[in-house]
Protein chains: 2
Amino acid sequence: MLMKQATQRYTALRRSIVEVMSKSSTPLTIGDLLRKLPKVPQSSLYRNLAVLEQAGVAVRVKTSGDTGRYELSERLAGHHHHLVCSRCGSMKDIVVPSSVEKRLDDSLHALAKSEGYVMQHHRLDVVGVCKKCR
Amino acid sequence: MLMKQATQRYTALRRSIVEVMSKSSTPLTIGDLLRKLPKVPQSSLYRNLAVLEQAGVAVRVKTSGDTGRYELSERLAGHHHHLVCSRCGSMKDIVVPSSVEKRLDDSLHALAKSEGYVMQHHRLDVVGVCKKCR
DNA sequence: TTCGGTGCAAAGGGTTTGCATTCAC
DNA sequence: GTGAATGCAAACCCTTTGCACCGAA
């Protein structure tokens, strides 16, 4: 599968990282991952996340300024976006109606082309205030 | 104006930071800013960017993992999004047709509400490959 | 005179790396 | 057996902070 073609090994640790991510409905911070994977040294976590990212298995989510967040790539988790609380920084996956997605995507493709870019994909974050923070 | 109501001074340095940002059609990295503002110590730049951000004048853009990027807030620069090159990381401002924006925004408002969030705004990045990187 | 702003240098904190050891193929 | 993976600790790098001095109201 994905790991094979990247000439990397799918070790027990990598397997467990993927498993933890697949059970979460939100991108996880390094802290979250360390908490859910006791006894894993930070360096191993970072290194393996980098490997998983290169292999196209995981993605680093850029929305939170402070610490890194990771989730499974869309190839594995499906296309989705994030709802982000501007107060506490918590995130939640959301799926936008495909009709809206399509129209947006068409529009963005054209825009990118007119600027001399070849579009690959889009990222969308919805920023708001969650229930707890109100 | 914005600085006044934040009980902060609109000093020469702050003025020049804002001026540099207003002349750019892309968010600027700390490095960019230091280059365009010679002799300004990093610490002063960082401190002033923080002040400008608090005052609602500038915004820290989250898309690049490595170093911070800043641009004028939408209140000053207008609503727009970013075209990002996945190879070199360069960014460019883009404006999406308002009809598409509206439909998207309506849809996102509803989605956020159904998840228990009060939506504030959305962020959208178009990721692709720029002319130079192809 | 007072309080914010500035500069320099040092401290912080998340992330990365060097190196010797262990493990998977 | 060989090259990748792992752990620990040290190094990195961007960013923040302490502190003394300067400047505007």
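Please read all numbers here as calculations on a predicted model, not as lab measurements.
- Comparing the start and finish of the helix from C/dT1-D/dA25 to C/dC25-D/dG1, five pairs each, the helix axis swings through 30°, to the nearest 10 degrees.
- The CD1-C1' distance, from A/I17 to D/dA5, rounds to 12 Å in whole Å.
- Separating the CZ atom of A/R15 from the P atom of D/dT6 is a distance of 12 Å, rounded to the nearest angstrom.
- Under the side chain to side chain donor-acceptor pair (under 3.5 Å) criterion, B/R35 pairs with B/D32, not counting sequence neighbours.
- Take B/R123 and apply the side chain to side chain donor-acceptor pair (under 3.5 Å) test, not counting sequence neighbours, and it matches no residue.
- Whole-Å rounding puts the B/L52 CG to C/dT6 P distance at 10 Å.
- When each of B/P41 and A/I30 is assigned the nucleotide of DNA chain C bearing its nearest heavy atom, the one mapping closer to the 5' terminus is B/P41.
- Rounded to whole Å, atom C1' of D/dG7 lies 16 Å from atom CG of A/L37.
- Look at CG on B/L33: it is 11 Å from P on D/dT15, rounded to the nearest Å.
- The salt bridge (charged side-chain N to carboxylate O under 4.0 Å, His left out) search around A/E19 returns A/K23, not counting sequence neighbours.
- The distance from the CG atom of A/L52 to the CG atom of A/L45 is 9.5 Å, given to the nearest 0.5 Å.
- In this structure, B/L49 atom CG and C/dT6 atom P are separated by 12 Å, rounded to whole Å.
- Sorted by first then second residue, the side chain to side chain donor-acceptor pair (under 3.5 Å) pairs that include residues 107-119 of chain B, not counting sequence neighbours, are A/K92-B/E115.
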>> Return a single string for nucleotides 16-25 of chain C, one symbol per nucleotide in 5' to 3' order, where B is base contact, S is sugar-phosphate-only contact and - is none, cutoff 4.0 angstrom on heavy atoms.
In response: BBB-----B-
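- Rounded to the nearest 0.5 angstrom, A/D125 CG and B/D125 CG are separated by 7.5 Å.
- In this structure, CZ of A/R14 is placed 11 Å from P of D/dA4, rounded to the nearest angstrom.
- Checked against salt bridge (charged side-chain N to carboxylate O under 4.0 Å, His left out), B/K102 has the following partners two or more places apart in sequence or in another chain: B/D106.
- At the phosphate of D/dA5, neither OP1 nor OP2 sits under 4.0 Å from any side-chain N or O atom of A/N48.
- As a whole-Å value, the separation of A/L45 CG from D/dG7 P is 11 Å.
- Looking at residues two or more places apart in sequence or on another chain, you find a side chain to side chain donor-acceptor pair (under 3.5 Å) between B/S99 and A/R103.
- With sequence neighbours excluded, no residue forms a side chain to side chain donor-acceptor pair (under 3.5 Å) with A/S25.
- For C/dT15, the OP1/OP2 oxygens have a side-chain nitrogen or oxygen of A/T67 closer than 4.0 Å.
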